[in-house]
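One structure below.
All ligand and atom numbering here is 1-based and tracks the order in the structure.
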Amino acid sequence: MAYGFDTLQIHAGAHPDPATGARQVPIYQTTAYVFRDAEHAAALFNLQEVGYIYSRLTNPTVAALQERVATLEGGAGAVCCSSGHAAQIMALFPLMQPGCNVVVSTRLYGGSVTQFSQTMKRFGWEARFVDIDDMAAIDAAIDDNTRAVFCESIANPGGHIADLRAIADVADKAGIPLIVDNTTASPYLCRPIEHGATLVVHSMTKYLTGNGTVTGGVVVDSGTFDWSASDKFPSLSQPEPAYHGLKFHETFGPLAFTFHGIAIGLRDLGMTLNPQAAHYTLMGIETLSLRMERHVENATRIAEWLEQHDRIAGVTYAGLKSSPVYDRVAKYCPRGASGLFTVKLKGGYDACVKMVDSLELFSHVANLGDTRSLVIHSASTTHRQLTPEQQQAAGASPDMVRISIGTEDANDLIADLEQALAKAG
Ligand SMILES: *Cc1c(COP(=O)(O)O)cnc(C)c1O
């Protein structure tokens with residue numbers, strides 16, 4: 001029987017604890033697991049038997065979360081990591097080698113722009129930034145050394161929606177996977193695998209946990225990409241020396257990427273999510289659909305109100321009829337365009353800073369996707385390391401404020417914005 005999303009967000013991956021019958025997923029606060037005997041230990045270490053060895057690789061609380069997110073995204077498997085940034089490295093690690101490149105959208109979270117353009121260089125990986133709405137530019141940027149295309153489904157901060165199907169078609173034609181950062185949408189609003197994505201990454205720090213308590217990430221694999229169709233992905237298709245010549249794709253089929261992520265990625269990069277964090281995220285996901293509905297309802301109402309305000313020069317919310325990507329909402333996120341957008345103030349930089357400083361109910365923080373409403377001036381914070389051109393392309397120019405609408409009473413949020421805009425002058 002195929003359960004609906006509201007049922008799966010509570011039950012997927014969770015089973016009554018075999019030892020105690022505990023209904024809620026226990027926090028398995030343990031580093032290691034006792035082997036039945038030496039033969040059992042050897043089989044586990046050889047990946048001949050699936051089980052628990054050491055919590056850098058696998059942990060039952062984390063495993064429940066992996067299964068839940070994979071189910072909600074419609075994937076075959078998932079690997080949880082210590083942060084959204086860790087998830088991005090973990091997604092690329094099995095695909096890339098020195099000299100390889102990834103074609104990346106300019107409309108990304110500022111931290112991701114820096115991670116891709118600066119830090120990945122030190123691994124010998126190149127990031128080629130393109131306008132993700134320009135299919136010819138994506139196609140032109142791809143060459144024999146390209147191993148993936150990377151974009152955000154709903155972009156942070158501007159809320160721009162990518163034309164996932166068109167981008168997936170370009171990646172497909174080149175025989176490479178599309179990786180989609182689905183952080184701002186969450187699987188309740190957008191399911192990138194249904195639109196052709198191979199891998200989906202999340203900062204679980206945001207909507208999945210949903211209340212600003214955890215730093216975490218996840219990579220979900222669709223399980224449908226043929227890693228052996230070309231010689232581009234030897235880590236997955238060729239013998240792995242560290243496991244006696246085991247070939248991940250041949251051995252694990254649709255779970256090849258997931259097993260590689262755990263057996264090589266977590267083992268050697270060590271970007272592991274801890275069980276306490278997994279517990280908080282499991283708690284958060286139980287109410288994901290309820291929260292996302294309220295985020296969307298509040299954001300729609302507030303974006304419409306802000307658009308009419310005489311101190312506002314523009315609102316980027318994709319759920320507004322005036323948005324250039326409004327027609328993509330019905331196709332890619334029919335339940336709404338999430339709760340994140342930017343507003344452009346007529347008073348420019350100074351008015352933005354004054355507005356942020358004057359808000360009382362909104363918190364001035366570097367986070368999004370919280371039940372609390374949050375605000376930040378992206379250009380001077382999250383997108384600070386970027387050049388003015390990069391800021392413009394990312395949708396984070398200095399005259400804009402990013403707003404993450406929470407699940408509070410919308411009337412209270414509007415009243416707070418009203419008084420802050422009055423002071424911003
Ligand atoms: C926050 C964020 C990240 C990074 O996630 P962390 O959990 O902070 O490492 C990546 N992508 C997007 C869209 C984000 O908003």
Side-chain angles (χ1 to χ4, degrees), residues 65 69 73 78-93 102 104-120 127 129 132 148 150-162 164 179-187 189-190 192 197 199-220 269-274 277-278 280-281 284-285 292 295 316 318 332-333 337-342 365-370 374-376 378 381-386 390 393-396 402-406:
L65 175 58
V69 180
E73 285 287 0
V79 185
C80 285
C81 331
S82 50
S83 70
H85 264 14
Q88 292 173 186
I89 298 289
M90 288 281 291
L92 288 170
F93 179 66
V102 51
V104 186
S105 169
T106 51
R107 295 175 188 274
L108 288 193
Y109 163 60
S112 300
V113 175
T114 308
Q115 184 192 39
F116 275 86
S117 60
Q118 303 298 326
T119 301
M120 286 184 189
F129 286 88
I132 206 66
F150 185 100
C151 70
E152 294 180 6
S153 50
I154 302 182
N156 170 7
H160 179 88
I161 298 174
L164 297 179
I179 308 173
V180 176
D181 180 341
N182 201 29
T183 298
T184 305
S186 89
L189 299 179
C190 178
L199 302 173
V200 176
V201 296
H202 277 278
S203 167
M204 299 195 295
T205 314
K206 317 291 171 53
Y207 288 104
L208 287 178
T209 305
N211 49 32
T213 50
V214 159
T215 307
V218 66
V219 190
V220 181
L269 301 177
M271 302 166 167
T272 308
L273 188 73
N274 68 77
Y280 286 126
T281 304
I285 291 175
M292 293 318 290
H295 281 296
T316 62
Y332 294 114
C333 32
S338 194
L340 186 75
F341 56 85
T342 58
V365 301
N367 192 17
L368 64 92
D370 196 320
L374 313 174
V375 66
I376 200 162
S378 300
T381 55
T382 55
H383 290 66
R384 187 184 187 86
Q385 311 330 332
L386 277 55
Q390 285 176 318
R402 182 183 82 182
I403 298 181
S404 172
I405 297 292

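Here Ala155 pairs with Arg107, Glu152, His160 under the side chain to side chain contact (heavy atoms under 4.5 Å, CB included) rule; sequence neighbours left out. Under the side chain to side chain contact (heavy atoms under 4.5 Å, CB included) criterion, Ala86 pairs with Cys81, Ser82, Ser83, Met271, not counting sequence neighbours. With sequence neighbours left out, Ser378 forms a side chain to side chain contact (heavy atoms under 4.5 Å, CB included) with Pro157, Ile376, Thr382, His383, Ala396, Arg402.
Checking side-chain atoms of Asn182 against main-chain N and O of Ala185 turns up no donor-acceptor pair under 3.5 Å.
Of the N and O atoms on the side chains of Thr342 and Thr316, at least one donor lies less than 3.5 Å from an acceptor on the other residue.
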### Query
How far apart are the C-alpha atoms of His85 and Tyr109, what are their side-chain angles, what is the distance that settles it, and do they pass the ring-ring contact (aromatic ring centres under 6.0 Å, His included) test?
CA-CA 11 Å; His85 264 14; Tyr109 163 60; 5.8 Å; yes

Please tabulate, one line per pair, the protein nitrogen or oxygen atoms found under 3.5 angstrom from a nitrogen or oxygen of ligand 1, with distances to 0.1 Å, or say none if there are no such pairs.
| from | atom 1 | to | atom 2 | distance (Å) |
| --- | --- | --- | --- | --- |
| ligand 1 | 5 (O) | Ser203 | OG | 3.0 |
| ligand 1 | 7 (O) | Gly84 | N | 2.8 |
| ligand 1 | 7 (O) | Ser203 | OG | 2.8 |
| ligand 1 | 7 (O) | Thr205 | OG1 | 2.7 |
| ligand 1 | 9 (O) | Gly84 | N | 3.0 |
| ligand 1 | 9 (O) | His85 | N | 2.9 |
| ligand 1 | 11 (N) | Asp181 | OD2 | 2.7 |
| ligand 1 | 15 (O) | Asn156 | ND2 | 3.0 |
| ligand 1 | 15 (O) | Lys206 | NZ | 2.7 |

